[in-house]
Structure formats: C-alpha cells, structure tokens
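Bear in mind that the values here come from a model prediction, so they are computed numbers and not experimental data. In what follows, residues are counted from 1 in the order of the sequence shown. Read the numbers this way: they start at 1 and go in the same order the structure lists the ligands and their atoms.
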Amino acid sequence: MNKRNSVKMFEEAQKYIPGGVNSPVRAFKSVGLNPVFIKRGRGALIEDVDGNEYIDFVGSWGPLLLGHLRREVVAAVTECLEVGTSFGAPTEKETILAKMIVEAVPSVEMVRLVSSGTEATMSAARLARAYTGRKKIVKFEGCYHGHADMFLIKAGSGALTHGVPTSPGVPEETAVNTINAGFNDLDGIERIFSSLGEEIAAVIVEPVPGNMGVVPPGPGFLQGLRQLTKRHGALLIFDEVITGFRLSYGGAQELFGVIPDLTCMGKIIGGGLPVGAYGGKREIMSLLSPSGPVYQAGTLSGNPLAVSAGIATLKVLANKDLYSELESKSARLARGLAEAAGTAGRDVFFTRVGSMLCGFFTRTEVVNYETACTADTEKYATFFKKMLEQGIYLAPSQFEAAFVGQAHTDEMIDRTVEAALAAFKALED
Ligand code: HOZ
C-alpha cells in the first residue's frame, strides 16, 4: 500500500502542529504507524491522499451516522453558505434545531447550543453546581467527557490510549472535587454517596461508555444511578455526545428508559460540523444567563452552518425505520466478527450496543475500566494494521468504538468480516 503522500504530509504537519494532529486520537501512535491523511469521503467510504480507499468505521468519531456527503446535509449547508455563515445574532434555525432536540430527547425541556461536546459537559457541570450549591462531581473511570480539567482524571479516549488518563496541568485543587467511581459498580457509588452525599452536585456518565472501548451498562445500573442521585439531591447528567441520536432517536435515555436531569450532546446533532448542546429540566436550564445568573457564552454558538447540517440530519433520522436497519446491519457485523475470531481461534471479547461495537483482545469479560485495560493493545495494533492494509479503517486505538452508519451496505459489512478473518488468522500467538 502506497503511503508516500501521507508520510510527507505528516512530516510537514509535525513541524507546525504538536504531534502533527489537532486531536490526539487521530495519531496512529498507539498502533505504531503514521496516520493516513484523508482527501475525500462519500457515503461509508474515505480515500486517502495516496488514492487508497477504505470502508470507514470511524465516521469522524461518531457524527457521520448518515455517512459522508449525505445529499440533504450538503444541500442545507450549501444553501446556508449563500446567505451568511455567522452573525453573532439569533437566527430562526437555532430555534428549529432546539425544538427538534426538545421533541426527541425525553429529558430535555430546554437546550443551549454550544460548539463542542467539551463545552457542553463543562457547562452542564457548572450549571449542576450552581443549581445544587455543591462542589463535587462524580464521574466513572474510563469515561471521557471532553478535556475540561475536572474530567481529565482517569479519563478514557486519547488520554487512556496515550497512557496519560490523568493529565499533568490539572491543579490538585480541581482534582479534589472530582470523584472517580467504577462503572457498573452500584455498591461502590452507594459508598461514595454515604460518605459524601451532601457535597455531590452531580454524577456524570456516558450511559454507554464509548471511550474505553464500548462497555454496556449492566442491568439496573443506570436505573440505580437515577435512584441514588434523586435520593441524595444530586443531579444525574448523561453525556450523550456519542449515544445521542445514535442508539435511538431519543438517545440512550430513550433506549434504557432512564431520564437524567441534564443531557450533553454533540456529534450527530451537527451532522459533521462543530456543535454541542446541553439541555434538561426548564427549572435548571432557566438558571443560565441571560435568564439567570450562571454564565456561559460563545461567539460561534448555534452557528448557522452547523445548525443547518444538524437540522438536515435530524430530519432524515426522524424516519425511525432507519434505526432498525442500523440494528440489523450492526448485528450482522458483530456476528460475523465473532465467528471470524472463533474460526481463527482468537480470544476477543466483543461488545455491542446498537451501532457501537468493540472487540477487546482479552479473555476477560469487559465491564469497566479495569477489565477494559486487560486487553492486549499490541495485538489490537497488529489487527488494526492488517485491517488497514485490506481497506478497512478502524479507530487507531483499542479503547474506541467502531461505528456502523446508514451508508454501510451488507456487502461492505461482509467484506469487513472477510478481512477480519484474514487479520485474525495472521496474528501471532
Ligand atoms: N470521543 C472522541 C474520541 N473517543 C473524541 C474525538 C477526539 O478526541 O478527537
């Protein structure tokens, strides 16, 4: 496989951009390669700058549920480009998108649009602290809620991939107000509440963590969090930046029937353009400036381009048949991969919730951060490389999800399974 142009571009990028990438997860460092530079995408396919084509299971890390260059999204963005890209003043489209989110997501009565998932989570935490008058935030080891200081403690995603789950630069004074709990461990969190209950402003959780690989919540776990937080006067925040509009039109909260107080979103609601949002009960959201005293702002918040792409995407997703098609395609892929690993005699623990999948190179059942960390990352690196060589673009890290999208065809899924069989067979014991 020719990678000459990617190599050249990466060399140049490293001179001006730290590590040559603008977000660490894009580097192929943990799989021992240089990243491929992408030239274009269409549907579920991407092409690199050397003309190699790949079936894309990263989908820009989640936003592209409808694939690259989806017709309706391109049309909406093009139309917007012709009338103006940003005004720093309200536009009607912001209300249209906000209304669509309110109608879709069970917990959301009001929503504030921002520009990234990180902004959404850090603002939701501020709001929770203001509402409860308490300081401490409980999060789960291996969950990733963007890169605000308070969340970069035992975090997942690139932080875990690159071996620094707790980032230097986070002041101790900040860290003392973040409490880490074990995902899927209700007893542990009950203990935390019995000793610090009065001080906890909120529990924030990815209802289906997708940043330490994919880890399904065990039966009753999310329900238990809901009951505990209610009992102790703390808020429950769902970080649905990945799961929102992916696991169902109403997100993970609709799928699991658990309604948080606040919900953070991003990715899909921007249709591939930069966006974030947080929303929840009117009583809480009304505390936000200018209707209340809690400050949060942004020059490009709710910018017309991202909002247009988001509206176009949600309009397509509102056809709920799409979710059952996604489910059957994802099940086909999961089944095929498990059979391929079995045929090749490899120990891989597969997880899947809807169109989020992961294969952990371990015999251990993965239920939390600790068990996710039993995965053999070197084996994953070899597997990744062999898949890439066969034209399959997976996340360059064991601790990320593979995303199935609407543009993946059965033929592409079957081709991926065939490639995986060859890759599993080629792994050394
Ligand atoms: N949640 C994404 C990765 N797990 C974020 C993408 C990024 O950090 O660039």
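Between Asn52 and Glu47, the side chains place no donor N or O within less than 3.5 Å of an acceptor N or O (distance only, hydrogens not considered).
Ring centers of Phe221 and Phe140: under 6.0 Å apart, within the cut-off.
Ring geometry for Tyr380 versus Phe361: interplanar angle over 60°, hence perpendicular rather than tilted (30 to 60°).
By the side-chain contact (heavy atoms from CB on, under 4.5 Å) test, Ala201 is found to be paired with Arg129, Thr132, Arg134, Ile137, residues two or more places apart in sequence or in another chain being considered. Taking the ring-ring contact (aromatic ring centres under 6.0 Å, His included) definition, one finds that Phe424 meets it with Phe383, sequence neighbours left out.
In this structure, ligand 1 sits under 4.0 Å from heavy atoms belonging to Ser23, Val25, Trp61, Ser157, Asn211, Lys267, Glu400.
Applying the side chain to side chain donor-acceptor pair (under 3.5 Å) test to every pair with at least one member in residues 13-33, sequence neighbours left out, gives these pairs: Glu12-Lys15.
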